[in-house]
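Report on one structure; see the data block that follows.
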There are 4 protein chains.
Amino acid sequence: MSDTLADFCYELAVANRILAHEGVIDAFGHVSVRHPDDPGRYFLSRSRSPELVEPDDILEFDLESQPVKPPTVQLYAERVIHGEIYKMRPDVVAVCHHHAPAIMPFCISGDPIVPVFHLGASMGAVAPFWDSRDEFGDTNLLVVKPAEGASLARALGKHSMVLMRRHGATVVGTSLRELVFRATYSCDNARYLSEAMRLGNFCPLTPGEIEMAQAIYQLPTAQSRAWEYWTTRLAKCGGMPSRTSAVAKEEAAAKLAKKPVKSKGGKRE
Amino acid sequence: MSDTLADFCYELAVANRILAHEGVIDAFGHVSVRHPDDPGRYFLSRSRSPELVEPDDILEFDLESQPVKPPTVQLYAERVIHGEIYKMRPDVVAVCHHHAPAIMPFCISGDPIVPVFHLGASMGAVAPFWDSRDEFGDTNLLVVKPAEGASLARALGKHSMVLMRRHGATVVGTSLRELVFRATYSCDNARYLSEAMRLGNFCPLTPGEIEMAQAIYQLPTAQSRAWEYWTTRLAKCGGMPSRTSAVAKEEAAAKLAKKPVKSKGGKRE
Amino acid sequence: MSDTLADFCYELAVANRILAHEGVIDAFGHVSVRHPDDPGRYFLSRSRSPELVEPDDILEFDLESQPVKPPTVQLYAERVIHGEIYKMRPDVVAVCHHHAPAIMPFCISGDPIVPVFHLGASMGAVAPFWDSRDEFGDTNLLVVKPAEGASLARALGKHSMVLMRRHGATVVGTSLRELVFRATYSCDNARYLSEAMRLGNFCPLTPGEIEMAQAIYQLPTAQSRAWEYWTTRLAKCGGMPSRTSAVAKEEAAAKLAKKPVKSKGGKRE
Amino acid sequence: MSDTLADFCYELAVANRILAHEGVIDAFGHVSVRHPDDPGRYFLSRSRSPELVEPDDILEFDLESQPVKPPTVQLYAERVIHGEIYKMRPDVVAVCHHHAPAIMPFCISGDPIVPVFHLGASMGAVAPFWDSRDEFGDTNLLVVKPAEGASLARALGKHSMVLMRRHGATVVGTSLRELVFRATYSCDNARYLSEAMRLGNFCPLTPGEIEMAQAIYQLPTAQSRAWEYWTTRLAKCGGMPSRTSAVAKEEAAAKLAKKPVKSKGGKRE
């Protein structure tokens, strides 16, 4: 793995841990990013709670959600969510599937989540719903079969987030940092909306407000500011992933021994 | 105590502490596990807050909830909850009695808790209620007498959880890890249900969804993933129990002194 | 100060910090205990947030709430709450005045808090209300004048807790540990009641249930178990007060120097 | 920068971090203070999350919200909020703009926040609303243009807090500590009000109560007590800013080298 890809996987591990630390993901849920050099591939951790993901846990998958190298570890059962969305949405660079406490009541009640404050605009207009019952009837509610993943991707359409009835949400971004921003602030938006609904009336942002506010939160300045905040909070709690991966150690040892380094093509581990 | 039993009691101490750390149990509540070699016995801590339980606090009881060895410490007053359930339900391997904030409003209002999301399916279908007033009139609300424990066990019936009016809940599992999983996610389910009820309508999982989703969460892969998550969180906060128990230390000293080790039959301390 | 009194003040500092750590008290609020040897005196910290109180901050007051020694530090403005209750209620040994988030909504809405679960019985039957407007009209809402304190004490009557409209609560106990238990679990009770009221109906404990359950929580076994839990949690966060007070250090130095120790009569610092 | 000004900026960094630590501010929001020697200037951090602000991040601005020295760092886009309020309100010494979870539901629903308990009186009478749509139609909801800042300042009028529809709140104080006190307790007030509205009725403080209670919380004793509480909590979590700034280090080095110290006029860095 090239240094660039190692940094890339490190950033993905950080993103996993931020989303866990900020209360978006718990023991379950997962986060992926498209391969920077090969749009037909994506990176995703082996089956492990996002709060614990290390760079070495991250594996490469093709868009059929098959691991590029024969796996020796357990994989997430629901990785078709990622593969099917990357297939259908060439603009999408990162995907997060979660069951955040903030959005679950809406997934259960079926009430729509609409953006109601400026940072909530990062989720775009009202998030569509997907109901596994519509096409598949009684299931275990997981999105495991390619047809289920493709159905979910169709429900997502051109949106940034899709709510899954009695299950959770799937959020997409045009970059990993945009994804983390959107996943986090759409949860805040859901919490405030839920409270406002109980206080009395509410009126959502206008289409013009959404478009203009969303443009702001796609600027690198806004995203860097939030990223510095989240990583500092994570680091304070001792939550950052290991910098030196097992693979990197092996390569370092190889360099030291002046043996040719095994996998230096930037393509796979 | 054999090494296997020592590991067993260590795992029980960890389970106590996870349930405290994840907000299911506070100063009160208790967790037990059936003896792996003798179905007529179970292990339970001496009277102590679960967050503080050490392997050495764990005692062996018969199904009449009498300690196998004369106790020198205070015992939980409500241990008949455990004994009476183990008597009536040979399939049950672990029991937790708690007063989690998530379920108390339902115990007070009498509204049923039904599974409303995939992980909530781990609790099975709607949890039955037990009301101490029905058979026993005014009491101190604790389940202390064998007749009270037996009445509660009857109310539990074949379910995985029984709600106790104005008191709390009792949850059972076919393994300690299944119990921790179920106790934790049934609390999440209660929280989301409560929020969804206020937002508007909700419709519970179907019997088919419950059955299929529950099967998933009984797989070792799902339970290991959650267990790694919970133990890592606990360890990060310095919350793990001591590995070396007083008994183990005594045995180690005995080995060192080449004296015969006292209690190596895997039966009791 | 005798060793016994020093231990006594240490325990009061611990009680202050437990109530802060468990979310009953924030920057404001205060906790006192009656002098064990002189029922006409009580101990209370100088004006300081309870989370920060050290044994050395604790001063002795008479029942007119005047400091026994001329103070060199700022005093709580509302100490008449303590003095007037100790005057009117010879059975009361400890008093806490707080503005816990759990009870404030009831103080604002005027809805009564009734015990709705077994541990909630520790607060006794429904808590009466006191409204500063009834006798005093517009005030700054603090209880500063002796007449205001006496009026509050009358409203408390024989109860264990009185709710103060638009202000907070005052809780009493026959021991410091009973007070901490009651203040903490009455907050839990308020939280669960509030949630249950929104879910639907609720029916409070019966007088018989309250009496029997309350008897249980006045047993030393229940209180020790909770005290061990709370102090362990506090200690884990580095929140325990200093063991060796400035006064104790001075005495230790005096002993070492074989000079006569100044204040060894158990009466005052 | 003089020692006095260095202390001043340190206190501003502490205020930023307290408001983050107490849940008023998250990744976004900002806090400023007027220059103690020059009412035509104010201090505000470079664009950075308040939880991370160091004394060295703090820059000086004129009332047109232009940096006094050409900046080499990113600035907050919304600093006109501060400049326009300092222009229109000579009595205001400190300003905080935030999006606290406690007040957002009110900003979304449009329900007024009125003081409902004694510490809530610190916010003064009912907070007015400002709606960006009224004068500016569809915007990105940020207050970036001088005209927007001036409009917000007019809506604030003589009040202590203004709520911004679908956006957040801006709070002012006659000192930095009063500002922190008011921003924190107005959030508590909003939370309790929201809960009380759901329980049933509520009646706000009377004008007389507000005036008298507010007078109490403007006393240095009340503010010192709370400040000690907040700084101790912050310090316990390792959250205090660095004491020795880069500038101070430079000056110390200059002194050591007996070179003339560069900027010793108390005017700017």
Side-chain angles (χ1 to χ4, degrees), chain C residues 17 20-21 25-30 45-54 57 73-78 99-113 131-133 136-144 164-169 190-191 193-198 237-239, chain D residues 18 22-23 102 114-122 177 180-181 184-185 187-238:
Chain C
R17 287 165 176 249
H21 192 245
I25 291 182
D26 71 339
F28 297 94
H30 17 89
S45 170
R46 69 175 172 98
S47 177
R48 195 175 200 194
S49 291
E51 188 168 321
L52 315 180
V53 165
E54 295 286 356
D57 293 323
V73 287
Q74 187 75 20
L75 305 181
Y76 290 129
E78 294 190 303
H99 325 111
I103 58 103
M104 289 308 300
F106 293 88
C107 296
I108 290 163
S109 77
D111 285 87
I113 300 180
D131 191 333
S132 53
R133 289 181 189 166
F136 306 98
D138 275 5
T139 65
N140 65 11
L141 289 151
L142 299 185
V143 178
V144 174
M164 304 151 79
R165 294 301 307 273
R166 297 167 291 279
H167 181 163
R191 259 186 295 268
L193 171 59
S194 167
E195 286 289 308
M197 284 170 73
R198 285 189 226 125
C237 296
Chain D
I18 286 174
E22 298 296 330
V114 293
V116 285
F117 83 120
H118 64 311
L119 287 154
S122 60
R177 293 190 180 193
V180 171
F181 196 100
T184 306
Y185 281 107
C187 284
D188 280 359
N189 190 84
R191 259 185 295 268
Y192 304 156
L193 170 59
S194 166
E195 287 288 309
M197 283 170 73
R198 285 188 226 127
L199 282 178
N201 293 311
F202 72 94
C203 97
L205 301 190
T206 66
E209 286 172 333
I210 294 171
E211 196 183 337
M212 284 186 269
Q214 201 170 23
I216 289 289
Y217 302 115
Q218 285 165 345
L219 294 178
T221 49
Q223 288 181 17
S224 300
R225 182 169 164 195
W227 191 261
E228 188 199 18
Y229 173 72
W230 287 319
T231 49
T232 306
R233 281 160 64 87
L234 185 61
K236 243 189 202 173
C237 295

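It should be emphasised that the depicted structure is a prediction, and the values quoted were computed from it without experimental measurement. Residue numbers begin at 1 in each chain, while the letters A, B, ... track the order of the sequences.
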* To do: Please determine, among D:Gly200, D:Cys203, D:Ala121, the option with the most heavy-atom pairs under 4.5 Å with chain C.
  => D:Cys203

* Structure fact -> Highest number of heavy-atom pairs under 4.5 Å with chain C among D:Lys236, D:Met197, D:Arg191 belongs to D:Lys236

* Asked: Do C:Pro101 and D:Asp188 come close enough that some side-chain heavy atom pair is under 4.5 Å?
  -> no

* To do: Mind checking the NE2-CG spacing from C:His167 to D:Leu119? Nearest 0.5 Å is all I need.
  => 7.5 Å

* Asked: If you draw a 6.0 Å radius around CD in D:Glu211, do more than 12 non-hydrogen atoms from other residues or ligands fall strictly inside?
  -> no

* Just how far is it from atom OG1 of D:Thr221 to atom CG of C:Leu75, taken to the nearest 0.5 Å? -> 11.0 Å

* To do: Check whether D:Pro204 gets within reach of chain C through its side chain, its backbone, both or neither, counting any heavy atom under 4.5 Å.
  => backbone

* **Region of C:Arg165 in contact with chain D, defined by heavy-atom distances below 4.5 Å** => neither

* May I ask you to decide if the ring planes of D:Tyr185 and C:Phe28 are parallel, tilted or perpendicular, using 30° and 60° as cut-offs? => tilted

* Asked: Quick one: are C:His99 and D:His118 in side-chain contact, heavy atoms under 4.5 Å?
  -> yes

* Considering only heavy atoms, which portion of C:Arg198 lies under 4.5 Å from any heavy atom of chain D: side chain, backbone, both, or neither? -> side chain

* Structure fact -> dist D:Ile216:CD1 -> C:Thr139:OG1 (nearest 0.5 Å) comes out at 10.0 Å

* Starting at OG1 of D:Thr206, measure out to CG of C:Asp138 and round the result to the nearest 0.5 Å. => 3.0 Å

* **Atom pair CG/CG of D:Leu205 and C:Asn140 - distance to nearest 0.5 Å** => 11.0 Å

* Structure fact -> Smallest heavy-atom separation, C:Pro105 atom then D:Ala196 atom, equals O-CB, 3.8 Å

* Structure fact -> For D:Arg225 and C:Gly29 the tightest heavy-atom approach is NH2-O, 3.0 Å

* Can you measure from OH (D:Tyr229) to CG (C:Leu52) and round to the nearest 0.5 angstrom? => 8.0 Å

* What are the two closest non-hydrogen atoms of C:Ala27 and D:Ala226, and how far apart are they? -> CB-CA, 4.2 Å

* Asked: What part of C:Tyr76 lies closer than 4.5 angstrom to a heavy atom of chain D: side chain, backbone, both or neither?
  -> side chain

* Asked: Mind checking whether C:Met104 and D:Glu195 have side chains closer than 4.5 Å, heavy atoms only?
  -> no

* Would you check if D:Glu228 and C:Ser49 make a side-chain contact, meaning some heavy-atom pair closer than 4.5 Å? => no

* Taking side chain as C-beta onward, heavy atoms only, is C:Glu51 less than 4.5 Å from D:Thr232? -> no

